[in-house]
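Within every chain, numbering begins at 1; the chains are lettered A, B, ... in the order of the sequence lines, protein sequences first and strands thereafter. What you are looking at is a predicted structure, and each value in this text was computed from that prediction instead of being measured.
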Amino acid sequence: MRFATWNVNSIRTRIDLVASWLDTHRPDVLCLQETKCRDEDFPVEAIHRLGYETVLHGHDHWNGVAIVSRVGVEDVRRGFTGPQVAPFDEARLIAARCGGVDVYSAYVPNGRALDDPHYLYKLVWLERLRAELMLRGGSEDETLVTGDFNVAPTDEDIYDPRRWRRRTHASAPERSAISALLELGFVDLGAEDHHFTWWNYRTAAERNMGLRLDLALASTPLSATVESCVVDVAARRVERPSDHAPVLITTSSE
DNA sequence: ATGGTAGCGCTGCTA
């Protein structure tokens, strides 16, 4: 099977790009983040025409996540289990069973700055994700947790670590939160290659000033079947690209 | 230390 994750930075702006990318690569499942639209405004037709189903979790024009699948979508969960209390009711998490694999599409809060309340929100959000995965017992199942984690797990995941020392995405507590997810029994599939997945629009992306923020965490049983995990940088060599590149995961299972 | 771009929806917020 093939899975993908992509922060598209507005699905309405990027729908033609996403549809042609789906048509070219034909993954079984594509997880989307930052769709930035209400569910009724999501351009599902172009995706359905290609033989995919969509399950959406959007709210206004912020955040927004989705799962696109051609191997079925069952047991759909939107947000965290339990009461939807602000700000944890933001549209940042959707999960579903696709072709026998439990798939999560996550958009972790940015954090903004180390002294911003949003940074604490980010840490607590990651802890809630850990609780969600732990209570679900997903690590013993075939589970894939993908998305934009807004954390560069190591200094090797940053073009210039010194520059990011006092910023979010690279702080020790954020990295600990990612480690805590892995300790549940997940493997960070991009951890060996450290290929970047995000480039700031405001700086020279052509000089590869990027970060690895989009992760694919595979449960131990699923990770045993993984053949490759690659970043498709070609998807950014278009007019008006997303600031993120899609990540493609291939497993040996049918 | 700062500024640079993009998207949304309407003027500033978020990233």
Side-chain angles (χ1 to χ4, degrees), chain A residues 5-19 21 31-44 46-47 56-66 79 86-94 105-126 129 146-153 157-171 173-175 177-178 196-215 231 233-247:
Chain A
T5 182
W6 197 359
N7 178 322
V8 290
N9 187 17
S10 170
I11 189 62
R12 286 176 293 175
T13 298
R14 230 69 71 190
I15 183 58
D16 291 346
L17 177 63
V18 170
W21 190 87
C31 294
L32 298 171
Q33 301 88 35
E34 275 210 272
T35 52
K36 285 186 170 175
C37 71
R38 299 177 300 177
D39 292 349
E40 55 266 42
D41 297 326
F42 195 109
V44 290
I47 293 172
L56 311 175
H57 184 34
H59 179 67
D60 288 342
H61 58 100
W62 300 124
N63 315 310
V65 286
F88 296 93
D89 58 343
E90 291 179 332
R92 294 181 177 277
L93 186 68
I94 188 169
S105 178
Y107 178 47
V108 178
N110 177 284
R112 297 175 191 166
L114 297 183
D115 59 355
D116 192 303
H118 203 257
Y119 173 74
L120 292 177
Y121 170 46
K122 178 182 196 173
L123 294 179
V124 177
W125 199 97
L126 282 165
L129 177 61
T146 67
D148 177 3
F149 283 75
N150 271 315
V151 178
D157 300 307
I158 305 179
Y159 67 95
D160 182 0
R162 280 185 54 237
R163 214 181 150 89
W164 286 77
R165 200 153 283 169
R166 290 156 187 265
R167 297 186 190 177
T168 59
H169 300 63
S171 72
E174 290 165 276
R175 288 175 171 172
I178 299 298
F196 302 147
T197 66
W198 172 86
W199 298 262
N200 196 328
Y201 281 126
R202 293 169 288 189
T203 49
E206 59 271 18
R207 281 185 280 150
N208 200 27
M209 297 166 67
L211 275 69
R212 185 171 73 95
L213 305 178
D214 300 86
L215 309 182
V231 181
V233 290
R236 293 194 73 253
R237 292 198 271 268
V238 297
E239 224 178 297
R240 292 218 299 166
S242 169
D243 46 351
H244 294 252
V247 179

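- Comparing B:dT5, B:dG3, B:dC8 by their nearest atom to the side chain of A:Arg202 picks out B:dT5.
- Listed for the A:Asp60 side chain is no donor-acceptor partner under 3.5 Å among the backbone atoms of A:Trp62.
- Atom pair A:Trp198:CH2 and B:dG7:C1' shows a separation of 15 Å (rounding to whole Å applied).
- Under 4.0 angstrom from either OP1 or OP2 of B:dT14 there lies at least one side-chain N or O belonging to A:Arg112.
- When each of A:Arg167 and A:His61 is assigned the nucleotide of DNA chain B bearing its nearest heavy atom, the one mapping closer to the 5' terminus is A:Arg167.
- Here the separation of B:dG3 from B:dA15, taken at their C1' atoms, is 15 Å to the nearest Å.
- Among the atoms of the strands shown, only primed sugar atoms or phosphate atoms (P, OP1, OP2) are found under 4.0 Å from some heavy atom of A:Arg92.
- Using a 4.0 Å heavy-atom cutoff across all strands shown, A:Arg14 reaches sugar-phosphate atoms only and no base atom.
- Between A:Glu34 atom CD and B:dA15 atom P there is a gap of 7 Å when expressed in whole angstrom units.
- A donor-acceptor pair under 3.5 Å is absent between the side-chain atoms of A:Arg38 and the main chain of A:His59, judged by distance alone.
- Distance, A:Trp199 CH2 to B:dA6 P: 16 Å, rounded to whole Å.
- The side chain of A:Tyr201 approaches B:dA6 more closely than any other nucleotide in the set B:dG3, B:dT14, B:dA6.
- Note: A:Trp198 and A:His244 have tilted aromatic rings, judged against thresholds of 30 and 60 degrees for the angle between ring planes.
- Along DNA chain B, the nucleotide nearest A:Ile11 and the nucleotide nearest A:Gly111 are compared for position; the residue whose nucleotide lies closer to the 5' end is A:Ile11.
- In this entry the distance linking CD of A:Gln33 with P of B:dG7 reads 17 Å, nearest Å.
- What separates CG of A:Asn63 from P of B:dT14 is a distance of 11 Å, to the nearest Å.
- As a whole-Å value, the separation of A:Asn110 CG from B:dC13 C1' is 12 Å.
- Rounded to an integer number of Å, the gap from CD1 of A:Ile15 to C1' of B:dG7 is 16 Å.
- Among B:dG4, B:dC8, B:dA15, the nucleotide with an atom closest to any side-chain atom of A:Thr203 is B:dG4.
- Judged by distance alone, with hydrogens and angles left aside, the side-chain atoms of A:Arg212 form no donor-acceptor pair with the main-chain N or O of A:Pro153 at under 3.5 Å.
- For A:Arg240 and B:dC8, the CZ to C1' distance is 12 Å, given to the nearest whole Å.
- Evaluated for a side-chain hydrogen bond (donor to acceptor under 3.5 Å, both in side chains) with A:Asp148, the options A:Asn7, A:Asn110, A:Thr5, A:Thr197 yield exactly one hit, A:Asn7.
- Between A:Thr13 and B:dC8, a side-chain N or O to OP1/OP2 separation shorter than 4.0 Å is present.
- Across B:dA6 and B:dT2, the matching P atoms stand 23 Å from one another, rounded to whole Å.
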